[in-house]
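All values below were derived from every heavy atom in this structure, side-chain atoms included, with hydrogens, water molecules and symmetry-related copies excluded.
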Amino acid sequence: MKRILLIVILSTGIVAGCSPTFIFGNEEAEPRNEPSISSYTVPPNFKPQAVIITALGDSLSQGVGDEADLGGYTGRLAAEIQTWQGIEGVAVENTAKRGRRSDQLLAMFQQGKLTGPITEADYLTMTIGGNDVMRIVKRDLFSLNIEAFDDELVFYESRFDTILTSIRDINPTVPIIMMGIYNPFSLVTDEVEEFDQIIDSFNQVMQKRIDKDPQACFVPVSDLFVGNKNLVYHSDFFHPNSKGYDLMTKRILKRMEECGLSYEE
């Protein structure tokens with residue numbers, strides 16, 4: 001953990017916290033090209049009106065770092081769903097906030113602040129857990145040890161389970177797209193094996209719980225943010241940039257199909 005301590009000290013100095021064309025005539029029109037994601041069709045419970053995507057969690061769902069200002073991965077997903085058959089409009093209700101931890105998200109459920117947005121949602125997107133890890137990093141900056149993360153993971157697992165149960169109490173059938181977390185310190189070095197293990201353990205807890213829900217899908221993203229060979233980091237060296245969010249969205253669409261959240265007529 002001494003190597004992690006050195007990297008964290010270095011890193012904390014870097015991280016501060018469509019026109020249609022109409023042709024009239026007698027000639028037969030050209031065949032219409034099918035959209036690139038034509039494999040997706042509207043779920044049976046969808047109505048021909050605006051689909052609502054509710055975003056929960058932290059800065060990644062909020063879209064922090066997206067210099068193109070497209071709403072991060074949630075905004076990009078909304079733009080893709082807009083092209084699906086039968087969808088007349090997509091609205092995003094983004095309740096996510098930078099720095100939010102799982103205990104703070106759970107408190108919002110207990111206070112009834114998310115009942116409306118979740119009740120209305122046709123899809124839920126969520127990121128949570130990264131700030132739980134970073135709280136330990138900041139708290140124990142000069143005495144980091146892996147046992148502290150193991151202890152936090154026990155509490156995180158309980159809170160995460162309660163969050164998922166709370167969602168289902170409010171909306172039993174809404175599809176949940178749960179994003180994994182990644183190791184931002186890989187941007188500094190690829191030799192932080194202990195921290196990789198910590199990130200993996202949190203992702204495993206999330207995936208294990210998500211896999212129990214047939215209408216939920218876990219989306220791993222840690223491999224997209226190893227180092228910065230693909231130039232996926234924002235200038236704060238912590239959040240994704242536009243390219244990073246593009247890759248996340250591509251991964252989401254792939255995983256939705258694999259999880260059975262794409263619908264056939």
J.: Is there a path of hydrophobic side-chain contacts, each under 4.5 Å between heavy atoms of I, L, V, M, F, W or Y residues, that connects Phe195 with Val205?
T.: yes
J.: Could I get the full list of side chain to side chain donor-acceptor pair (under 3.5 Å) partners for Asp69, not counting sequence neighbours?
T.: none
J.: Applying salt bridge (charged side-chain N to carboxylate O under 4.0 Å, His left out) as the test, list every pair that has at least one member in residues 202-211; sequence neighbours left out.
T.: Asp161-Arg209
J.: Check whether any side-chain N or O of Tyr156 sits under 3.5 Å from a backbone N or O of Met206 as a donor-acceptor pair, and report yes or no.
T.: no
J.: Going by side-chain contact (heavy atoms from CB on, under 4.5 Å), name the residues that satisfy it together with Pro214, two or more places apart in sequence or in a different chain.
T.: none
J.: Using every non-hydrogen atom in the two residues, find where Asp122 and Val51 come nearest and quote the distance to one decimal.
T.: OD2-CA, 3.4 Å
J.: Check whether any side-chain heavy atom of Thr162 sits under 4.5 Å from a side-chain heavy atom of Phe109, and report yes or no.
T.: no
J.: Please determine which of Met126, Met108, Arg168 meets the side chain to side chain contact (heavy atoms under 4.5 Å, CB included) test together with Ile163.
T.: Met126
J.: Show the numbers, then the answer: is there a side chain to side chain contact (heavy atoms under 4.5 Å, CB included) between His239 and Leu60?
T.: CA-CA 7 Å; His239 293 95; Leu60 295 189; 4.2 Å; yes
J.: Between Ile252 and Met179, is a side chain to side chain contact (heavy atoms under 4.5 Å, CB included) present by the stated rule, with each step listed?
T.: CA-CA 8 Å; Ile252 290 170; Met179 311 298 293; 3.6 Å; yes
J.: Measuring from atom CD of Glu258 to atom CZ of Arg251, what distance do you get when rounded to the nearest 0.5 angstrom?
T.: 9.0 Å
J.: In Å and rounded to the nearest 0.5 Å, what is the CD to CZ distance from Glu147 to Phe149?
T.: 10.5 Å
J.: Hey, could you give me the CG/CD1 distance between Asn94 and Ile53, rounded to the nearest 0.5 Å?
T.: 10.0 Å
J.: With Thr95, which residues qualify under side chain to side chain donor-acceptor pair (under 3.5 Å), at least two apart?
T.: none
J.: Is a donor on one side and an acceptor on the other found under 3.5 Å between the side chain of Thr54 and the backbone of Leu124?
T.: no
J.: Using 0.5 Å steps for rounding, measure from the NZ atom of Lys250 to the CZ atom of Arg76.
T.: 14.0 Å
J.: Starting at CG of Asn203, measure out to OG of Ser222 and round the result to the nearest 0.5 Å.
T.: 5.5 Å
J.: Using 0.5 Å steps for rounding, measure from the CG atom of Asp213 to the SG atom of Cys259.
T.: 10.5 Å
J.: Once side-chain contact (heavy atoms from CB on, under 4.5 Å) is applied, do any residues pair with Ala107, and if so which ones, sequence neighbours excluded?
T.: Gln110, Gln111
J.: Are the side chains of Val90 and Ile52 in touch, meaning some heavy atoms are under 4.5 Å apart?
T.: no
J.: Can you name the closest pair of heavy atoms from Met248 and Val221 and give their distance?
T.: CG-CG1, 4.3 Å
J.: Would you check if Leu77 and Leu253 make a side-chain contact, meaning some heavy-atom pair closer than 4.5 Å?
T.: yes
J.: Would you call the rings of Phe225 and Tyr182 parallel, tilted or perpendicular, taking 30° and 60° as the class edges?
T.: parallel
J.: Please report the shortest heavy-atom distance between Ala121 and Asn171, naming the atom on each side.
T.: O-ND2, 3.4 Å
J.: What heavy-atom pair brings Ile210 and Phe218 nearest, and what distance separates the two atoms?
T.: CG2-N, 3.4 Å
J.: List the atom of Tyr233, the atom of Asn183, and the distance in Å for their closest heavy-atom pair.
T.: OH-O, 3.8 Å
J.: Using atom types as modelled and distance alone, determine if a side-chain donor or acceptor of Asp58 lies under 3.5 Å from a backbone N or O of Lys97.
T.: no
J.: Apply side chain to side chain contact (heavy atoms under 4.5 Å, CB included) to the pair Met256 and Ile177, showing each step before the final yes or no.
T.: CA-CA 8 Å; Met256 286 177 70; Ile177 292 119; 4.1 Å; yes
J.: Do you know which of Asp66, Leu247, Leu70 makes side chain to side chain contact (heavy atoms under 4.5 Å, CB included) with Ser242?
T.: Asp66
J.: Counting C-beta onward and ignoring hydrogens, is there a side-chain heavy-atom pair between Asp132 and Arg159 closer than 4.5 Å?
T.: yes
J.: Give the minimum heavy-atom separation between Ile176 and Leu261, together with the two atoms involved.
T.: O-CD1, 4.5 Å
J.: Tell me if a side-chain donor or acceptor on His234 pairs with a main-chain N or O of Gly65 at a distance below 3.5 Å.
T.: yes
J.: Pair Val232, Leu224 - check side chain to side chain contact (heavy atoms under 4.5 Å, CB included), show working.
T.: CA-CA 8 Å; Val232 293; Leu224 303 179; 6.0 Å; no
J.: Could you give me the CA-CA distance, side-chain angles and deciding distance for Thr74 and Ser61, then say whether side-chain hydrogen bond (donor to acceptor under 3.5 Å, both in side chains) is met?
T.: CA-CA 6 Å; Thr74 300; Ser61 288; 4.7 Å; no
J.: Is Ile128 reachable from Met134 through a run of I, L, V, M, F, W or Y residues, each pair having side-chain heavy atoms under 4.5 Å apart?
T.: yes
J.: State plainly whether one hydrophobic cluster holds both Tyr123 and Tyr73, where clusters connect Ile, Leu, Val, Met, Phe, Trp and Tyr through side-chain heavy atoms under 4.5 angstrom apart.
T.: yes
J.: Are Val133 and Leu105 grouped together when hydrophobic residues (ILVMFWY) are joined by side-chain heavy atoms under 4.5 angstrom apart?
T.: yes
J.: Within the side chain of Ser158, is there an N or O that forms a donor-acceptor pair under 3.5 Å with the backbone of Phe155?
T.: no
J.: With no hydrogens and no angle check, is any side-chain donor or acceptor of Gln207 less than 3.5 Å from a backbone partner on Gln204?
T.: no
J.: Please determine whether residues Ile136 and Phe160 belong to a single hydrophobic cluster, defined as Ile, Leu, Val, Met, Phe, Trp and Tyr linked transitively by side-chain heavy-atom distances below 4.5 Å.
T.: yes
J.: Can you list everything that forms a salt bridge (charged side-chain N to carboxylate O under 4.0 Å, His left out) with Arg135? Sequence neighbours excluded, please.
T.: Asp103, Glu152
J.: Do Thr125 and Met178 have side-chain heavy atoms sitting under 4.5 Å apart?
T.: no
J.: Say whether Ser59 and Arg98, considering side chains only, have a donor N or O and an acceptor N or O under 3.5 Å apart.
T.: no
J.: For Gly244, is there any backbone N or O sitting under 3.5 Å from a side-chain donor or acceptor partner on Asn241?
T.: yes
